[in-house]
Structure formats: structure tokens, C-alpha cells
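Accompanying notes for the structure given below.
The shown structure was predicted, so the numbers you read here are calculated from the model rather than taken from an experiment. Reckoned from all heavy atoms, side chains included, excluding hydrogens, waters and symmetry mates. Letters go in sequence order (proteins before strands), and every chain restarts at 1.
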Protein chains: 2
Amino acid sequence: MSQSHRHALILEKIQASGFVSIDELVESFQVTPQTIRRDLNQLAMEQKICRHHGGAGLESSTVNTSYQTRKVLNLEAKEKIAAALVKIIPDGASLFINIGTTNEIIARALLNHRHLQVVTNNLHVASILGAKEEFSVIIAGGEVRHSDGGVIGEATSDFINQFHMDFGIIGISGILSDGSLLDFDYREVLVAQAIIKNSRQVLLATDHSKFGRNAMVRLGTIGQADHLFTDTPPPEEIMAALDEYQVILHMV
Amino acid sequence: MSQSHRHALILEKIQASGFVSIDELVESFQVTPQTIRRDLNQLAMEQKICRHHGGAGLESSTVNTSYQTRKVLNLEAKEKIAAALVKIIPDGASLFINIGTTNEIIARALLNHRHLQVVTNNLHVASILGAKEEFSVIIAGGEVRHSDGGVIGEATSDFINQFHMDFGIIGISGILSDGSLLDFDYREVLVAQAIIKNSRQVLLATDHSKFGRNAMVRLGTIGQADHLFTDTPPPEEIMAALDEYQVILHMV
DNA sequence: CACCAAACGAACATATTCGAACAATCAAGA
DNA sequence: TCTTGATTGTTCGAATATGTTCGTTTGGTG
């Protein structure tokens, strides 16, 4: 039994079951554990497998990546943005919060406030803030989006239109350099527009990954916002737009 | 069984159900609780999971409600009730689900169904079922109750009245021996009545602790239900009422 | 608020696994 | 035959994983 042949068989075994122990391989090939270790280390060096204590397995490209990592994507930046944003919201204020992971982090940051009145179309936000006794939380009705627990649709924007609040906190999927605000879902855009219409002040929260990113549906322009919270300096064109429309920029 | 392999399986379990208890994992892997604790702490350190007293769950705010459902009173009975109830619901059905921990467990049990259309005023149910691609989930709008994530109020029952569904799944706070259905919150009663009115069949789920328990607001009578699911034989008077109104009793 | 059981973490003991160094074996070529 | 390099076996101290014990913390209940 040659080394290369053994390597091939080891790889095959790992592909089959996702994992092999050293004992198993010792039994199969009738060689010493040390030999197997050398084999595994070599294969690991070539990035073919993932070495572990007691054996080896496939590279950990399992399921947990998509949702989990998306949630922590730019987590630090988002937390800083959230911390800055909640500072300008006084206790007792009324506010809209819409969809987006950034908004969920903002919701968490708001837990230290007192007596807020919140209208949201974000299931997670409703759940986070609804747990706090002294908050009044209203969820907008409508269809629940599978991907992120957002509530969307015409009924939802109608519902939003019943309210007029101090602040509207908007998460955004993309900002073009001409100042266009973009989102992927037309039904969500309806809701965001309703929020903008019914808010005395519009707060836009966005991390650097959103600048220049394209999306399908135009939501409005950056001039409709009163404050923009971000973690890196926006491109020049957007800076100019901010200036023109007197949008206050908060950089963290 | 190596540590890393165990870690991967633990993550898988948590992704599947939102929460795992230490006992569960001890049973699965045949190791001591201390080992599981070390595993969970390590995974928590890597931000993969969210550690709780007695187990661990996803970090997502809404899904961790499944953590709370683990502490539910009479959990085992409720799980059996849920299993029996979902059996009479066919794939593709449309249904209302209202407030209550039993209903949350029922929602979980429904995850194996296909193509359901659900209208609910329960944030947790919306979150549980909304995650499944092929379900259409609609949440009723209104004020969020702090204690349990229920959405209640006049706007909510108005919203419910827009729909007419095959089934109405109702959780109940108390049943008097004369067959009165009771709840603690007037605003929730409005919603429940709207659901009963707009359902072709009304399914009542209740464990033994509810029989004879008093509550403030009268919701209706047991005669309005078509099926009653419970874990122990009801008192005689209620049995008589079930008979009179031809309510089908399912005992698990 | 006091109580109790379950869960927890720290500390230690034990068993397993690891890697490094060295010896043994073998094949190929000078 | 001798040398060389590659591969494998062997040994041993270090690192890692798990079990065990025990005192502390936590969460639920009366």
C-alpha cells in the first residue's frame, strides 16, 4: 500500500461520511497512528481536509455560514452606528423602525431608553422591544417575509399611514452615488416611503458596504433624510448631496 | 467521537430546532454534562450560538423564544396535544393561530406540513412559521403585549375579520364547568372571537391545568368549538356539554 | 424573601492524542 | 556493496479531551 494510494482512500472516506477518526484509519490500513497522523497533517497542509483532535473532517463550510455570518457581517460597525443613532433619540419619543439587520441592533441599543413608542414592520424588532415593560410596541400587519421576518405589502404601508411619529429609522440596501436610496423588494419600499412621509425626522443608518451597491427598487433620495449614520466617509458625490440637502452626517 | 464532530452536530441540532438542552445533548452523545458545557461555552465564545441556563440556542432574538418554550408548564402534555392536533390539518390548509404557549408548540409541530396559509396574532408563531419558505404567513397588526408577544386590540380583530380560513386554532386560559371559555385580556378575547367567527372549523387546545380555572373575560362557550384536544378526561359537566354540542374530543 | 434543586464553573485526575526525534526498513542508483 | 532518500515504526514528554468532585450561582416556588 503506497502512501499516495492511502491518501486517496482517506479522502474518499472523509468525503463519504464527513469525518474519520484516526483509530478507524489505523484499523483500515493496518498502520500505526503516527503514520495516519502524518497523512492527515499532509492532507490538511494541502487544504484538502480539516484536521481535528482524534481525526479529520471536511472543511467546515457547513450550513451555519449564510444566516449567521450575515448577521455578524460588519457587526462592530453596526453596533457603533447604533450607539451613535440612539443618542439623538430622547426618552419618551415615538418612532418607526423598519427592516434590516442594522435596525435590529439599533433596537437592542434602544433597550436602555425609557417609555418609547415604537411602530415597526420588523418581527425581530417587535420581539426585542416588545419584551420591555415600559415600551409601547405596535407591529404592522401583513405578510411575513421568509428571509428576514420583515412584514411587507400594501396592507402594511396602509397600517403605517395611520401613525405620525417623531422619528423614522430606516435601513437601506444600497445608495447610489447620485443619492438614490435603493431596496430589493418593492413591497418593502412602500413601507419605507410611508415611514418617511409620516416621520418628523428621518434617520438613515447604513454601513460602508451599502455605498454604491445596486438594488432594484428606488426608494427615494438621500435628501429626504435628516440624519445619516455611517462608519466610513461616503463618496464625494454623496457628500455633496448631503451638503446640498442639509443632511447631518454622523460618522463613527 | 471527536470534539469537533460533536460541535458540528450540536450546531446542526440548534439550527434545526432553535434550542437544545444539555440533557438532550448528554443523551445524544453519551458524555458528561460538563463536557457539553465546555462544548457550548466554546461555541458561544465563537459567537456561533447563544448560551442559556440549561442549554443553548440561536442568537437570533426571535428564535430564542424557543428557549422559553422549553420551560413551559406541562411541556410534555402540550407536545402530545400538538402532535394530535396537527394530524387533522391537511397540507395546503389555511388557518388562524392565536395566542398561547400551546399554540407555539403547535406551530413547531406544523413545520412538517406543506404549503400552509397562516394568519396569526402571535409574534412567536409568525417567527416560527415565517421562516419556512413554502408557508404564507400573515401577522395581524396591533399593539404587542409585553408578556408573551401577543398582538391584541381592536385593530387586530378588524384585521382578522378580513380573512376566512379552514381552521381556527385557539388556546384558552380557562374553562369553567358550565362550558364557558375564559381569558384574562379583553383585547385578546376580541381577537379570539373574530377567529371563531371566520373559521370553518374551530380547534381548541388545552391541557388539564385549564379545567375549572377562572379568568376574567368570557370568550364564548365550548359549544362553539368543533374539536377539543386535551391530555386528561375533562370533568363530567364538560363531557356532557361536549356531547350536547357534538364537539369531538381528542384525548392524548 | 427564603428555600431548594438544578445548573454552573473551577480544580483536579485520568485517558487519549499529538508532535518531535530517532531508529528501522526498503528501493534505487553509484 | 555502499549511499541516499523516502517511508514507516517506536518512544516519550507535552498538549488536549474528558470524567469527577465540590463549592457557588441561578432560577423557580412557596
- Query: Quick one: B:His5 NE2 to C:dT16 P, roughly how many Å, whole number?
  - Reply: 20 Å
- Note on the structure: Taken to the nearest whole Å, CG/A:Asp23 to C1'/C:dT16 is 9 Å
- The side chain of A:Thr35 lies closest to which of these nucleotides: D:dG9, C:dC8, D:dT18? D:dG9
- Let me know the distance between CD1 of A:Ile36 and P of D:dT7, rounded to the nearest Å. 15 Å
- Picking from D:dT10, D:dG19, D:dA17, which would you name as closest to the side chain of B:Val31? D:dG19
- Query: Between A:His52 and B:His5, is the gap from one ring center to the other below 6.0 Å?
  - Reply: no
- Does one side chain, of A:Asn98 or A:Asn103, offer a donor that lies under 3.5 Å from an acceptor on the other? yes
- Message: Whether A:Gln34 contacts D:dG9 is assessed here as follows: a side-chain N or O lying under 4.0 Å from the phosphate OP1 or OP2. Is that the case?
- Response: no
- Message: Counting the atoms with a prime plus P, OP1 and OP2 as sugar-phosphate, which does A:Asp39 contact under 4.0 Å by heavy atoms, base, sugar-phosphate, or nothing?
- Response: nothing
- Separation of A:Arg6 atom CZ from D:dT7 atom P, in whole Å? 10 Å
- Item | Results of side-chain hydrogen bond (donor to acceptor under 3.5 Å, both in side chains) for A:Lys80 - residues two or more places apart only | none
- Could you state the atom-to-atom distance from CD of B:Gln3 to P of C:dC18 in whole Å? 12 Å
- Query: Between D:dG27, D:dT10, C:dT17, which one does the side chain of A:His53 approach most closely?
  - Reply: C:dT17
- Once you round it to whole Å, what is the distance between P of D:dA6 and NE2 of A:His7? 15 Å
- Can you tell me how far the CG atom of A:Leu129 sits from the NE2 atom of A:His124, to the nearest 0.5 Å? 13.0 Å
- Query: Within this structure, what is the CD-to-P distance between B:Gln42 and C:dC8, rounded to whole angstrom?
  - Reply: 16 Å
- Item | Among C:dG19, D:dG27, D:dT18, the one nearest A:Arg51 by side-chain distance | C:dG19
- Item | DNA chain C: 5'-proximal contact among B:Arg38 and B:Ile22 (nearest heavy atom) | B:Ile22
- Starting at atom CE of A:Met45, determine the distance to atom P of C:dG19, rounded to an integer number of angstrom. 10 Å
- When you measure from the side chain of A:Arg37, which nucleotide among C:dG19, D:dG19, D:dA17 comes out closest? C:dG19
- Would you give the length of the straight line joining atom CD of B:Gln193 to atom CZ of B:Arg218, rounded to the nearest 0.5 angstrom? 9.5 Å
